2 protein chains.
Amino acid sequence: MTDTMPRAAVPTLDEVALLAGVSRATVSRVVNDSPRVSPEARAAVRSAIAELRYVPNRMARSLVTRRTDTIALVLNEPNTQVFSDPFFASIVRGVSATLADTDLNLVLLTAQDEREQEKIGRYARMGHVDGVILMSVHSDDPLPDILAEAGMPLVMCGRPFDDRAVSYVDADNRGGAEVATAHLIATGRRRIATITGPLDMIAGVDRLAGHRAALAAAGLQSFPQLEAEGDFTEAGGARAMESLLGRDPELDAVFVASDPMAVGALSALRVAGRRVPEDVAVVGFDDAAVATRCDPPLTTIAQPLADMTPLLTELLLRQIEGAGEAVESRVCRTSLVRRASA
Amino acid sequence: MTDTMPRAAVPTLDEVALLAGVSRATVSRVVNDSPRVSPEARAAVRSAIAELRYVPNRMARSLVTRRTDTIALVLNEPNTQVFSDPFFASIVRGVSATLADTDLNLVLLTAQDEREQEKIGRYARMGHVDGVILMSVHSDDPLPDILAEAGMPLVMCGRPFDDRAVSYVDADNRGGAEVATAHLIATGRRRIATITGPLDMIAGVDRLAGHRAALAAAGLQSFPQLEAEGDFTEAGGARAMESLLGRDPELDAVFVASDPMAVGALSALRVAGRRVPEDVAVVGFDDAAVATRCDPPLTTIAQPLADMTPLLTELLLRQIEGAGEAVESRVCRTSLVRRASA
DNA sequence: ATGAAAGCGCTAACAT
DNA sequence: ATGTTAGCGCTTTCAT
């Protein structure tokens with residue numbers, strides 16, 4: 001099947017001005033909602049715009065304003081599985097909603113590997129976007145440096161590995177993990193395992209640190225065989241749980257560093273014939289308000305996404321408007337909750 | 001925590017020219033890999049570019065070339081659950097990979113509702129992108145019209161509802177569904193149910209049509225109570241399966257119009273105490289090569305994503321280069337396979 | 001309130 | 001092979 005279709009002719013400001021019988025400057029003022037235009041002129045311009053179906057040319061405008069009115073949300077994730085983590089969807093939805101009533105556009109950029117990260121770095125530096133929100137950063141990712149060195153307004157979702165001066169918004173991962181493990185201890189558990197997140201991600205590191213801190217605070221020792229690294233996916237959680245059960249069949253509790261992994265861990269426990277929570281108690285850490293079908297309901301540390309997403313854009317916009325001067329960070333409080341089964 | 005950081009000064013072509021001791025035109029030629037430059041000049045320019053960390057200004061370039069070297073992949077999906085469908089991830093990954101060695105950039109745009117679709121329409125019309133790949137189109141989405149009327153190069157992933165002249169790439173949904181149901185019939189099943197996709201999406205409609213055609217071809221009648229509409233999610237599949245079992249406990253097979261839904265259906269069958277495939281045979285339709293953990297292995301119609309993603313970009317690029325003249329479509333063959341359990 | 005004019009940084013003829 | 005020049009479509013002083 002082949003057919004043809006003429007490319008639409010794109011009208012310019014001058015054509016609108018001609019049709020409306022005013023100057024380009026006036027049309028520009030109308031388009032940009034300047035108050036210094038007479039009602040008659042405004043009306044004439046408006047109707048000319050409608051008639052010609054005029055849309056301003058972004059490139060021309062951006063060339064002079066130095067603004068694109070576009071911000072990028074970068075998903076830095078080689079693991080396709082993780083791309084479908086509900087956490088991403090929630091952040092995207094949240095940021096998108098925050099921007100809905102503004103005239104800012106949101107674009108998503110994904111990087112599977114270093115090459116794509118560099119491509120994104122170039123994309124941003126060329127002036128396609130006014131600022132960047134960076135998600136899912138791994139310890140060896142070059143993109144934060146590329147962007148920071150270019151002076152690009154930048155907010156990271158999750159604190160950076162080093163103590164660099166960069167804006168970020170994060171959940172209290174360490175504190176949340178402490179609460180989780182302390183809860184398990186409080187309910188009488190003593191052989192408490194953990195399934196960690198990827199340890200090249202700060203959320204993985206912080207949640208493990210919180211877990212260990214809670215054990216230490218209770219005078220419990222942390223054993224390497226009670227720690228298994230997962231990858232934030234359901235399948236990875238199941239594998240890690242199997243591995244833990246193999247290493248120490250007597251374990252009576254597990255703190256799982258993300259809810260998708262917790263769902264996987266629960267099914268691994270069921271396969272192994274362990275009852276939850278009678279034999280093994282489980283606490284998760286939610287990477288979104290996951291409406292998971294898990295029976296029994298999952299006790300979990302709730303990450304305050306509703307707080308985090310507006311902050312992300314707020315911090316970025318402040319940086320963009322303030323010519324990139326202010327670097328600030330926020331840590332949002334987490335809390336222990338019980339998710340009903342679906 | 002607050003700190004300051006100077007905004008980097010951005011060098012222009014002229015500054016590079018000055019430093020390299022050549023004209024702007026020569027610098028431009030080097031940047032654009034023109035062969036008409038002497039090796040010495042090229043070297044001088046290269047080092048000046050490196051020294052100044054020069055990056056061309058996209059807006060200025062695009063203003064004259066009328067190209068942005070960016071294409072958009074639009075995810076048209078109000079349902080967040082579906083956003084995490086592995087099908088999306090696979091398409092994004094595939095298109096992204098196809099573009100990796102080119103100097104084309106890919107941006108993802110998501111629309112939760114009509115307002116956001118219109119915003120995306122404006123974004124595209126303003127000249128941010130050279131072309132658009134549209135995914136997950138529902139029957140009442142305004143975006144295809146907005147884009148088509150603006151003369152924006154456009155390829156749809158999935159055929160349009162009406163017989164409009166628009167490029168698209170699709171799997172053979174109808175044919176695949178026919179094969180699926182015919183397979184169930186061939187193995188002796190007679191009370192064959194189906195869990196459909198959303199019927200405001202063409203894939204949902206086509207797969208149902210194929211299912212019905214296979215029944216008709218075998219002289220079997222299709223009953224409304226043996227058809228339940230799902231939403232392409234795992235939870236939706238489980239709900240639909242429960243509903244079907246309630247309406248006809250005697251059913252002996254089910255064709256499920258997507259693999260995530262099939263996973264849900266399998267767990268609903270297990271909960272209901274039905275053995276698979278002894279009591280109820282199941283055939284899915286994969287929305288990606290989903291590495292689903294299902295036991296027993298799932299028989300499914302494989303959608304040829306490896307064929308589809310390069311086609312998507314190929315058709316779009318041809319349209320962009322050919323000034324939007326050619327409209328063409330491709331339907332990729334599907335086949336019955338058996339997915340091993342993970 | 002409106003228009004004239006300059007210029008954003010780049011590419012692409014056209015000259016040489 | 002290289003330089004000169006003329007815009008691309010818009011915003012923004014600066015006049016009026």
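Quick note on labels: first sequence line is chain A, next is B, and so on, each numbered from 1. Given the structure is predicted, the values throughout are model-derived calculations rather than measurements.
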[X] has an atom [atom1]; how far is it from atom [atom2] of [N], in whole Å?
X: L63(A); N: dC10(C); atom1: CG; atom2: C1'; value: 8 Å
X: E15(A); N: dC8(D); atom1: CD; atom2: C1'; value: 13 Å
X: R36(B); N: dT11(C); atom1: CZ; atom2: P; value: 17 Å
X: R29(B); N: dA15(C); atom1: CZ; atom2: C1'; value: 11 Å
X: Y54(B); N: dG9(C); atom1: OH; atom2: P; value: 10 Å
X: R61(B); N: dA12(C); atom1: CZ; atom2: P; value: 9 Å
X: L18(B); N: dT2(D); atom1: CG; atom2: C1'; value: 16 Å
X: N32(B); N: dC10(C); atom1: CG; atom2: P; value: 11 Å

Inset, instruction - Check every strand shown and say whether V22(B) touches a base, only sugar-phosphate, or nothing at a heavy-atom separation below 4.0 Å. - result: sugar-phosphate

Inset, instruction - Name the residue closer to the 5' end of DNA chain D, choosing between R42(B) and N57(A) according to the nucleotide with the nearest heavy atom. - result: R42(B)

Legend entry - T12(A) vs S38(B), nearer the 5' end of DNA chain D by closest nucleotide: S38(B)

Inset, instruction - May I ask you to check whether T68(B) and D130(B) show a side-chain donor-acceptor distance below 3.5 Å? - result: yes

Inset, instruction - Please state whether the phosphate of dT11(C), meaning OP1 or OP2, lies under 4.0 angstrom from any side-chain nitrogen or oxygen of S28(B). - result: yes

Legend entry - Any S62(A) side-chain N or O less than 4.0 Å from OP1/OP2 of dC8(C): no

Inset, instruction - Walk me through it: do S167(B) and Q319(B) pass the test side-chain hydrogen bond (donor to acceptor under 3.5 Å, both in side chains)? - result: CA-CA 9 Å; S167(B) 293; Q319(B) 227 179 112; 3.2 Å; yes

Legend entry - Pair E118(A) + R122(A): basic N to acidic O under 4.0 Å: no

Legend entry - Ionic contact status for D101(A) with R115(B), cut-off 4.0 Å: yes

Base of [N], side chain of [X] - is there a donor-acceptor contact under 3.5 Å?
X: R58(B); N: dG9(C); answer: no
X: R66(A); N: dG9(C); answer: no
X: R24(B); N: dT11(C); answer: yes

Legend entry - L305(B) vs I91(B) side-chain heavy atoms within contact, under 4.5 Å: yes

